[in-house]
Every structure is written in structure tokens, then in C-alpha cells.
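Letters go in sequence order (proteins before strands), and every chain restarts at 1.
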Number of protein chains: 2
Amino acid sequence: MSVAATDTSNTRERILDAAESLFIEHGFAATSVRAIATKAGVNLAATNYHFGSKKGLFSAVFQRRVQPVNANRLKRLAALEHEAQVGKRQLTIRSILESFFEPLRYVDPGVPALIGRMYGEPESLTRPILEETFHEVAMAFQDALRLVLPHVPAEEIRWRFHFMIGSMIHLLQMHAPLGSESTHDAFTSGVPRLIDFVEAGLLRTHNGITHD
Amino acid sequence: MSVAATDTSNTRERILDAAESLFIEHGFAATSVRAIATKAGVNLAATNYHFGSKKGLFSAVFQRRVQPVNANRLKRLAALEHEAQVGKRQLTIRSILESFFEPLRYVDPGVPALIGRMYGEPESLTRPILEETFHEVAMAFQDALRLVLPHVPAEEIRWRFHFMIGSMIHLLQMHAPLGSESTHDAFTSGVPRLIDFVEAGLLRTHNGITHD
DNA sequence: CTAAAAGTCAAACGAACGTTTGAATGGCGC
DNA sequence: GCGCCATTCAAACGTTCGTTTGACTTTTAG
């Protein structure tokens, strides 16, 4: 078959799948290339052949999952802004937040966990990856928030966006509210609550930092 | 010298100090016992002698820093509740939040970073430590929040508290708002903003999940 | 003063690590 | 068929890991 060229990426994707689950469970440093190769059912050398190094594999695992999510976010936001310009729909905090969070609900359940894991790794490993991956999205959504919060200074919006990301990461990491058990259900039911929570935090009328 | 008895714990604390900074910077798995011993200026075997294992050391590093913070939190909350009973001061969300967050501002700058780091490690390593360390405090503060939010269901409070912790952790981890640089300043100025943010999120009038 | 206990030390243990090598294997155009 | 190139493979590279050992030194207690 002339399509047989996909056998090539078969090994690649088996490695990516195995690496993803192991990175999520044990983190980067505590996951060995040998364990990944064994779980993927490939030769030990295949990882370095296809991804250059363990770090290269780590970055590839992340990009594969996050890029579709970010593309979806930007697409939703663009559609939203277009509808707002045409007057078909109003631009609100809630609609912006939904553009940001909803894409997380319709992807492989491993994705949220992977993002959460990434934020838990030491900065020296993740900072370049995270900045490259999220800068465009973060800027676009903060711009949108500025439109609906014209009375809030830009720096204040940056902070509130920062806290919003924190709440999200914490949910993604499934440091779930002590008591619940299942992970995907917790995430599914958590997103609407998360939106409620951060909507209130973002809307908060700005009155500077008032110490009593 | 007869005062030389403190030489004993000197080794212990030098190990704890060295381990703390290395764990914060590189995480648990990527920090070697050898690197800790070298940085502390002690023999390699001293770590296992004093703490049993690398994991034991990790837990000890964490407990040393967090227990005073938690004690301070509970002490402030108890004082607050006493004043409320006597009628001297009103129990408010803000006063509860201040009891929770303010103790973080007057401790060694390494403490916030250490807590943030702990939440980034794989759950298999940290879950038992975190539950043991924070269960009492979490329960006490959620009880207090229930008093000032009598109309909000208990489970809803658990979720909001959960998001609050997420915002805090994110601040502690200094995944600072992209743009700022210094770490301690960002944390210091971040705490009041964090209180404003989560106060709004916690106060949010409960109306279930209302989509538009 | 003396014996036990606590602490420190250099050295070594076996195991596991990320990566590299060079030969074997497979499909593809010619 | 033959040569080319990407891929796979077993094996080994040197390094580093957490922990243990047993001798040595210091502190403590009677």
C-alpha cells in the first residue's frame, strides 16, 4: 500500500501515548525512557531516534494535546468577537470564559491532567514550553477581557487572569476537593463551577487595594 | 565546650536548608541526595541517618515550614471567632481570608515556594503528606465560611474553597503573571489582590448553574 | 574514668539512568 | 534485481542514583 508510510508514525504515536500517561502519573524526572519504551512496546532507542532526547519527547507529548485546545479557544473567541461586531450577540465575561474553558471538556480526558502536570514541573523545564504555547492565547483573551472591563486597569486584569489560570490548573491537576473520588466527573462538573467562580472574581468592581 | 550539644541538630538543619532550596528549584525526583549533602557540607550518609530515606527528608522539609503557618492560621481564626462571639468584631469572609492568607506573608520567603512545589509533585508522593498537613486547617476554615455563607450548600463551599486554594497555589508557585520578574515582591503585592479575587468568588450569590 | 550511645565518615553496593553505536531489516524508486 | 534511506534492534557506553556497611570519633550518663 502506498499509504504504508503511516507505519512510521505508528511507533511515534505509541511512544507519545505511553509517555503521556507515565508523565502524568509520575512526572518528568521520575519517568524513565526505559519505562516508556516498555509500555509502548518499542525498542529503547526508538525514543531518541524519533524525538532526539527525553526533553524533546516531553515537549512533543505536550504540544500534541494542547495545540488543538488552543486553536479551538482562539476560533471560538474570534467567532464571538465577530458576532459581537455584527451585533448578533453581546460580548460578556461569561461568553469569553466559556470560549476559554469549554474546549477543555471535549478532549481526551488525559489532556487536562497533562496540562496540570506540566504546571507542576520545575520551571527550568517547563517555562520555555509554557510561554511558547500559551502566550498568544493569553494575550488574546486578556485583550477580550479588557473590552468588557473597560474600567479595570490592564495590570489588574493581568492579575485576575493569573488567578483564573490558577483555579483552572488546580482543577486540572485534580487536587480535587478532598472528598470526591472520580477524576473525569469531578472535572466535568467542576468546569461550570469554575466559570461561576472566576466570573465573580473577574467582575469584581475595582476599588484599588483597600486595607480596611 | 559544654554548649556543643547543638552541633547535633546543626547537621540536621543544614540538610533541611539545603534540601529545601534544591527541592524548590528542581523538584523531588530531580534532586539527588548527593547534591543535598554537598550543598549542606555534610557526609552523604548523614541524610539517611537523620531522616531514614529521601522521602522522609522531603516530608521533614515540608513539615518544618508549614506547621508554624498552619498553627498561626488556626490561632488567628480562633481569635477571630472569639471576638465574634463576644461581639467585638464581626465575622466576615474577608476577615476569615485574612486569617488564612496573612500568615504566609511573614515567613521565610522560601515557604510559599515550597508549598507551591509540593503541589506540583506527583500525587503518589504528596497526597498523604498534604492530607495529613492540611486536613485540620481546611476543615476549620470551611466551617467558618459556612457560618458567614449560611445560604450556600456545603458542597458548593467545598468547591469554592477548592478554587481558592488553586489561586493561592498558583501564586505560590510564582507562575507569576507573565511580565513581572521579582518573586517576593510579586507574592507580597499578590496576596491582597488574591484576597479581593477569592472574596468575590466566595461571596458569589448562589443561583445554581445559570447559563445566561 | 568508663562504657554505652549517638553521630560522622570514606567506601562500596547493586541497580537504574539517558544516550550512542553499528549492524540488521524493511519498503521504495529505478 | 539493486541500491537507497528510514527505521528497528540488541548491546553496550559511562554516569549517577539511593542506600548500606563497618570502622572511627564524639557526646552523654553513671
query: Can A:K39 and A:S21 be counted as having a side-chain donor-acceptor contact under 3.5 angstrom?
result: yes
- request: Please determine, by modelled atom types, if B:E25 and A:S124 share a side-chain donor-acceptor pair under 3.5 angstrom.
  value: no
Can you check the [X] [atom1] to [N] [atom2] distance for me, whole Å?
| X | N | atom1 | atom2 | answer |
| --- | --- | --- | --- | --- |
| A:N48 | C:dT21 | CG | P | 11 Å |
| B:I36 | D:dC17 | CD1 | C1' | 12 Å |
| A:H50 | D:dT7 | NE2 | C1' | 6 Å |
| B:R12 | C:dT8 | CZ | P | 11 Å |
| A:H26 | C:dC17 | NE2 | P | 12 Å |
| B:F28 | D:dC17 | CZ | P | 13 Å |
| A:R14 | D:dC9 | CZ | P | 9 Å |
| B:I15 | C:dC9 | CD1 | P | 10 Å |

message: Taking the nucleotide of DNA chain C with the nearest heavy atom to each, does A:R34 or B:L44 sit closer to the 5' end?
response: B:L44
statement: Judged by nearest nucleotide, the residue sitting upstream toward the 5' end of DNA chain C, A:T31 or B:Y49, is B:Y49
field: Least distance between heavy atoms, A:D108 atom then A:P112 atom
entry: O-CD, 3.5 Å
Check the phosphate of [N] against [X], side-chain N and O only, distance under 4.0 Å to OP1 or OP2. Yes or no?
| X | N | answer |
| --- | --- | --- |
| A:N43 | D:dT7 | no |
| A:S32 | C:dA16 | no |
| B:T47 | D:dG18 | no |

- prompt: Over its full length, what angle do the end axes of the helix from C:dC1-D:dG30 to C:dG27-D:dC4 make, each axis taken from five pairs and the result rounded to 10 degrees?
  reply: 10°
- prompt: Any side-chain heavy-atom pair from B:F100 and B:M168 closer than 4.5 angstrom?
  reply: yes
- prompt: Base, sugar-phosphate, or nothing for B:S53, non-hydrogen atoms under 4.0 angstrom?
  reply: sugar-phosphate
- prompt: Is B:A45 touching bases, backbone alone, or none of the nucleic acid, heavy atoms closer than 4.0 Å?
  reply: base
field: Lys NZ or Arg CZ of B:R160 over A:F197 ring: under 6.0 Å, within 45°
entry: no
message: With a 4.0 Å cut-off on N to O distance, would you call B:D143 and B:R146 a salt bridge?
response: yes
- prompt: Can you check whether B:F141 and B:F161 have ring centres sitting under 6.0 Å from each other?
  reply: no
